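The model shown is predicted, which means the values in this text are computed figures rather than measured ones. Numbers restart at 1 for each chain; the letters A, B, ... are given by sequence-line order, proteins then strands.
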Protein chains: 2
Amino acid sequence: MTSTDSISTATKHGRQGEATVRSKGGRPRSFDRDAALDQAMHLFWRHGYETTSINDLTTAMGITPPSLYTAFGDKRRLFLEAVRRYAGEPEAAEAAIAAAPSAREAARSLLTGAVVMFTGANTPPGCLLASATASGSASSRDVQIAVAAYRHRIADAFAARIGQDVAAGVLPAETDGPALARLVVAVIQGLSVMARDGLPKDALASVADAALHAWPSETPA
Amino acid sequence: MTSTDSISTATKHGRQGEATVRSKGGRPRSFDRDAALDQAMHLFWRHGYETTSINDLTTAMGITPPSLYTAFGDKRRLFLEAVRRYAGEPEAAEAAIAAAPSAREAARSLLTGAVVMFTGANTPPGCLLASATASGSASSRDVQIAVAAYRHRIADAFAARIGQDVAAGVLPAETDGPALARLVVAVIQGLSVMARDGLPKDALASVADAALHAWPSETPA
DNA sequence: TGGCTTCCGTATCGAACGCTACGAAAGTCT
DNA sequence: AGACTTTCGTAGCGTTCGATACGGAAGCCA
C-alpha cells in the first residue's frame with residue numbers, strides 16, 4: 001500500500017512457516033523460498049485468490065505440488081503469506097500514517113503511492129488487496145475477511161490521524177474524519193479497478209488529484 | 001447502476017435467447033425463465049463469475065443443468081445476460097446522465113443510488129459490475145472486458161455531461177472533466193467494496209457526501 | 001389421434017480442482 | 001560410516017468443474 005519495494009526481497013531463506021523452526025538436519029530445500037513466494041504473490045495479484053490454481057502456482061514457482069505444500073502449508077496460508085509480502089506488516093502502514101506531517105499529506109502520499117504501485121511496468125495492474133478477494137465462494141469467506149481487516153486497519157489509522165489534525169485545529173472541527181478516511185480508501189479501490197481496466201498512469205494520477213479536492217482547507221498550526 | 005427496480009421484473013416469459021425466437025410447437029418450458037435469471041444474477045452478484053459454479057446456479061434456480069444450457073446457452077452467456085438484467089441497457093444509463101439537470105446533480109444521483117443499491121436488505125452487498133469480475137483467470141478475460149466496457153460507457157457519458165456544463169459556464173473552464181468523471185466511478189467501486197465489507201448504509205452515504213466536496217463550485221446559468 | 005418438436009430428468013463425460021502417499025535422493029549429526 | 005531427517009519427483013487420490021447423450025414425457029398442429 002505504501003512502499004514500492006515490498007516486491008523485491010525480504011528476510012532471507014531459511015525456514016519460517018510459522019516462526020523460524022529449528023531443523024535437525026535433512027535434505028535442504030533446493031529452491032529459493034522467497035523467490036517462489038514472489039511468483040505466487042504476482043499470480044494472486046493478477047488472477048485473484050480462488051481463480052489461481054495450484055497448477056498455475058507450481059508452474060510459475062518452478063516447483064512441484066509436494067514442495068509447495070511442505071514449504072507453505074496449503075493454498076490459503078500461501079495466499080495470506082503473499083498478502084503480507086505484498087502489503088507489509090499492517091503495523092508499519094499504521095505507523096507511517098501516524099507519523100505523516102499532516103492527515104492531508106498522508107492522504108496525498110497514500111494516493112500517489114497507490115497510483116505508482118498499481119501501474120508498475122513489472123507488476124500486475126491494480127491492487128492485490130482490492131481485487132484478489134473482491135468476490136468468492138462461501139468457502140473462502142475467512143480469507144476475504146482477513147483481507148478486509150487490512151483495509152479496516154488502514155482506514156482506522158487514517159481516521160485517527162485526521163482526528164489529531166482536527167484536535168490541533170489544522171482541520172475544521174466539523175470535519176467528518178471517518179468519512180474522509182473511508183473516501184481515501186474507496187478511491188484507492190477505484191484506482192485499482194481502473195488500473196486493471198488498462199487506464200494509463202497519468203489518468204489515475206488526475207483522479208487521485210481530483211479526490212484531494214474533497215479535502216477541507218487546512219489552517220497550518 | 002441507476003435504477004433500483006432492475007431487480008424485480010422485466011419483459012415476461014417467452015423465449016428470448018438472442019432475439020425472441022419463434023417456436024413451432026413442442027413441450028413448453030416448465031420454469032419461469034425470468035425468475036431463474038434473477039436467481040442467477042443474485043448468485044453472480046454475491047459470489048462472482050468464475051467462483052459461482054453451475055451446480056450452485058442450478059440449485060438456486062431450481063432447474064437441472066440441461067435446462068440451464070438449453071435456456072441460456074452456457075455459463076458465459078448466462079452471466080452476460082445477468083449483467084444486462086442487473087445494470088439495464090447501457091444506453092438508458094447514458095441517457096439518464098445526459099438528461100440530468102447538471103453534471104453535479106448527475107453525480108449526486110449516481111452516488112446516492114449506488115449507496116442504496118449496494119446496501120439493499122434483499123440483495124447481496126456491493127455492486128455486481130464492480131466485484132463479479134474484479135479478478136479472474138486468463139480464460140475469462142473477454143467477460144472481464146465486457147463488464148469493464150460498461151464502466152467505460154458510464155464514465156464517458158459522465159465526462160461528456162461535465163463538458164456540457166463547462167461549455168455553458170456552469171463549471172469552471174479549468175475543470176478536468178475526465179478526471180472528475182472517473183473519480184465518481186472510482187468512488188462507486190470503493191463503495192461496493194465497503195458494502196461488501198459490511199459497512200452500514202449511513203457510513204457509505206457519508207463517504208458519497210464527502211466525495212461530492214471534490215466538486216468545483218457551480219455558477220448557475 | 002398421430003406426428004413433430006421441444007423440454008425434462010438421469011446419468012454421466014473428460015478435464016481440472018486441491019491435495020497427498022510413497023520411495024528414492026541428499027543433506028546433517030554422532 | 002551409518003543412522004536419521006527432510007525434500008524431491010512421480011503418480012495419483014477423491015472431488016468438483018463446465019457441459020452433454022440419451023430416452024421418455026409433454027405440449028402444439030394437422
Side-chain angles (χ1 to χ4, degrees), chain A residues 13-18 20-37 40 43-44 47-82 136-140 142-143, chain B residues 13-18 20-37 40 43-44 47-82 136-140 142-143:
Chain A
H13 220 240
R15 220 146 296 112
Q16 61 188 71
E18 297 182 356
T20 310
V21 182
R22 73 270 182 268
S23 74
K24 290 192 262 185
R27 179 173 176 173
R29 184 179 290 120
S30 67
F31 63 93
D32 185 336
R33 193 181 187 279
D34 270 353
L37 179 56
L43 243 63
F44 284 132
H47 295 299
Y49 171 53
E50 290 190 77
T51 42
T52 297
S53 71
I54 296 289
N55 187 54
D56 293 337
L57 290 164
T58 54
T59 300
M61 298 163 89
I63 62 178
T64 59
S67 297
L68 186 153
Y69 281 88
T70 48
F72 299 101
D74 58 9
K75 188 184 177 184
R76 180 178 155 280
R77 277 186 281 179
L78 170 59
F79 175 74
L80 293 176
E81 200 169 335
S137 65
S139 63
S140 70
D142 58 337
V143 176
Chain B
H13 219 239
R15 221 145 295 112
Q16 62 188 66
E18 297 181 356
T20 310
V21 182
R22 73 269 182 268
S23 72
K24 291 192 264 181
R27 178 174 176 175
R29 183 178 290 117
S30 67
F31 63 92
D32 185 335
R33 192 181 188 278
D34 270 354
L37 179 56
L43 244 62
F44 284 132
H47 295 299
Y49 172 52
E50 290 191 77
T51 41
T52 297
S53 71
I54 295 289
N55 188 54
D56 294 337
L57 289 165
T58 54
T59 299
M61 298 162 88
I63 62 177
T64 59
S67 296
L68 186 153
Y69 281 88
T70 306
F72 298 101
D74 59 8
K75 188 185 178 183
R76 178 179 158 278
R77 277 187 281 178
L78 171 59
F79 175 74
L80 293 176
E81 201 169 334
S137 65
S139 64
S140 70
D142 58 335
V143 176

Find the distance [X]:[atom1] to [N]:[atom2] and express it as a whole number of Å.
{"X": "A:Asp56", "N": "D:dC17", "atom1": "CG", "atom2": "C1'", "answer": "15 Å"}
{"X": "A:Met61", "N": "D:dG9", "atom1": "CE", "atom2": "P", "answer": "14 Å"}
{"X": "B:Ile63", "N": "D:dA19", "atom1": "CD1", "atom2": "C1'", "answer": "14 Å"}
{"X": "B:Arg29", "N": "D:dG27", "atom1": "CZ", "atom2": "C1'", "answer": "14 Å"}
{"X": "B:Asp32", "N": "C:dC8", "atom1": "CG", "atom2": "P", "answer": "12 Å"}
{"X": "B:Leu78", "N": "D:dC17", "atom1": "CG", "atom2": "C1'", "answer": "16 Å"}
{"X": "B:Leu57", "N": "D:dC17", "atom1": "CG", "atom2": "C1'", "answer": "12 Å"}

Task: Phosphate OP1/OP2 of D:dT7 contacted by A:Ser67 side-chain N/O (<4.0 Å) - done: no

Task: A:Ser30 vs D:dC8: side-chain N/O to OP1/OP2 distance below 4.0 Å - done: yes

Task: For B:Ser30, side-chain contact (heavy atoms from CB on, under 4.5 Å) partners two or more places apart - done: none

Task: Which residues share a side-chain contact (heavy atoms from CB on, under 4.5 Å) with B:Thr64, sequence neighbours left out - done: B:Pro66, B:Ser67

TODO: Check B:Leu37 against B:Leu78 and note the closest heavy-atom contact, atom names and distance.
DONE: CD1-CD1, 3.8 Å

Open item on the list: Base contacts versus sugar-phosphate-only contacts with protein, heavy atoms under 4.0 Å: please encode nucleotides 18-26 of chain C as B, S and - from 5' to 3'.
Closed with: SBBB---BB

TODO: Name all residues meeting the ring pair (Phe, Tyr, Trp, His ring centres under 6.0 Å) criterion together with A:Phe79; count only those two or more places apart in sequence or in a different chain, and write none if there are none.
DONE: A:Phe44, A:Tyr49

- [ ] Sort and list the pairs that fulfil salt bridge (charged side-chain N to carboxylate O under 4.0 Å, His left out) and have at least one residue in residues 56-67 of chain B, not counting sequence neighbours.
- [x] none

Task: Pairwise salt bridge (charged side-chain N to carboxylate O under 4.0 Å, His left out) hits with a residue in residues 60-75 of chain B, at least two apart - done: B:Asp74-B:Arg77

